[in-house]
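A quick write-up on the structure given underneath.
The shown structure was predicted, so the numbers you read here are calculated from the model rather than taken from an experiment. Letters go in sequence order (proteins before strands), and every chain restarts at 1.
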Amino acid sequence: MRVSTMALICRRFAAKKRGTFTQSLSLFSSSFHDLSHNNNRPFSPTPRIDFSCIHGVDDAVFLFREMLRMRPQPCVVEFNKLLTSIVKMKKYSVTLNVFDEMRQSGASVDEYTLNIVINCYCLLNRVDFGFAILGSFFKRGYEPNIITFNTLIKGLFLDDKVIEAEKLFIKLLALGLCEPNEATILTMVNGLCKAGHTLTAYDLLRLLEKTSFKPDVQTYNTVINSLCKDRMVDDALQLLATMIDKGIAPNIVTYNSMLQGLCNFGRWKDVKDLIIEMADHKISLNVFTFNILVDALCKDGMVKEAKDVFEIMMQKNVPPNSVTCNAMIDGYSLVGQIDKARKLLDSMSGRGLKPSIINYGRLINGYCKNEKVDLLKD
DNA sequence: GTAGGGTTAG
């Protein structure tokens, strides 16, 4: 029902898209005009800030206070860079505090700043405050852009407000507030998948394929992965064929998701075919691919075959990692070859791998399963 | 490089 609403609007919107594009071009040219105008202002140097000294959040806050004291004050771009550096450290509350201080001290704020702030609220699961900031866009005479809306859509999904996210997306399309881009589509599709609405995401993707919006490889990957996780492996295979048909090249992530799905159902013939297809597309297997194979073989009790894959990894110069070792340890334990599991764990240091608590845990688990707990005393 | 999107293995 919801998707059919989207269908209607997508078609209508796709038909109008050319006009919108021209409009946005004219918007661009006006901002170029503004830029050149700014360049003609009397020369007044604003300090350039060196952000390379920031190694932690305290450095960032210290630098911020310095920036507030500077005369003339650094321009808003520098403040935005500073805020971004705090966001990158995932210190969203600190970013908001700094923003608050900026406002109180009258430092200048622009659309970029407001988008950064909305993003922080969204990441703190306070999309409601994000919408409040949207209000201050208008108050300050700024226009929210597609980044603003993408951020808010993501925020709604993070806050489990799936219906609201869909409504906002539909509003974007219907009212032509902003032209959705690939990020919008991925945000929608990813949000729907994460919320457990894989089929809605799938329908939306198939719908967008028919319009002038072109979902990218990441969007296909998200849906293929989600279909596999939801046991709809054949639909995922079909979608893989579709994307190739549409000229979107699958990448290693696409194939790894697909292989995981097939392995979960022991579809070894399909696994083999897919690996051949990967070779045809000149996509080499990476450590994820091999780990999926090793793990699946071990879980199916085919430890000998798993060990063969383990050897192939070394030949192919894709060294096994800690995850590979865990899979093998579990595999050996499953078939009662706990000594081989122990030997593998002992060999890890020689392979440049530091056995972790997880590796030991797996081995201990193996000993328990094999009722050899007394051997742990060694 | 001033702001937004993602994915795969234990």
Donor-acceptor pairs are to be reported for all side-chain atoms of residues 65-76 of chain A against protein atoms at under 3.5 Å, with residues two or more places apart or in another chain.
residue	atom	partner	partner atom	Å
A:Arg65	NE	A:Glu101	OE1	3.1
A:Arg65	NH2	A:Glu101	OE2	2.6
A:Glu66	OE2	A:Arg69	NH2	2.9
A:Arg71	NH1	A:Leu68	O	3.0
A:Gln73	NE2	A:Leu68	O	3.1

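Residue pairs satisfying the salt bridge (charged side-chain N to carboxylate O under 4.0 Å, His left out) criterion with at least one member in residues 245-271 of chain A, sequence neighbours excluded, are listed as follows: A:Asp234-A:Arg267, A:Arg267-A:Asp270, A:Lys269-A:Asp273.
The stretch residues 292-306 of chain A touches DNA chain B through A:Ile292, A:Asp295, each having a heavy atom under 4.0 angstrom from the strand. Looking at residues 238-263 of chain A, you'll see A:Val253, A:Asn256, A:Ser257, A:Gln260 sit with a heavy atom under 4.0 Å from some atom of DNA chain B.
If you take OH of A:Tyr92 and C1' of B:dA3, they are 14 Å apart, rounded to a whole angstrom. Straight-line distance from the CG atom of A:Asn181 to the P atom of B:dG6: 13 Å, rounded to whole Å. One interatomic measurement links the two molecules: CG of A:Asn286 to C1' of B:dA9, which rounds to 9 Å at whole-angstrom precision. Distance, A:Asn326 CG to B:dA9 C1': 10 Å, rounded to whole Å.
For A:Arg48, the salt bridge (charged side-chain N to carboxylate O under 4.0 Å, His left out) partners two or more places apart in sequence, or in a different chain, are A:Glu78. Listed by chain and residue number, A:Gln218, A:Thr219, A:Thr222 satisfy the side chain to side chain contact (heavy atoms under 4.5 Å, CB included) test with A:Leu186 (two or more places apart in sequence, or in another chain).
A close approach under 4.0 Å does not occur between any side-chain nitrogen or oxygen of A:Asn115 and OP1 or OP2 of B:dG4. Taking 4.0 angstrom as the limit, A:Lys154 places none of its side-chain polar atoms (N or O) nearer than this to OP1 or OP2 of B:dG4. Between A:Lys88 and B:dG4 there is no side-chain polar atom (N or O) within less than 4.0 angstrom of OP1 or OP2.
With no hydrogens or angles considered, a side-chain donor-acceptor pair links A:Asn251 and A:Thr254 at under 3.5 Å. Side chain to side chain, A:Asn264 and A:Lys229 fail the donor-acceptor criterion of an N or O pair below 3.5 Å.
The base of B:dG4 does not come close enough to the side chain of A:Thr184 for any donor and acceptor atom to sit less than 3.5 Å apart. Remark: the A:Asp216 side chain and the B:dG5 base include a donor-acceptor N/O pair separated by less than 3.5 Å.
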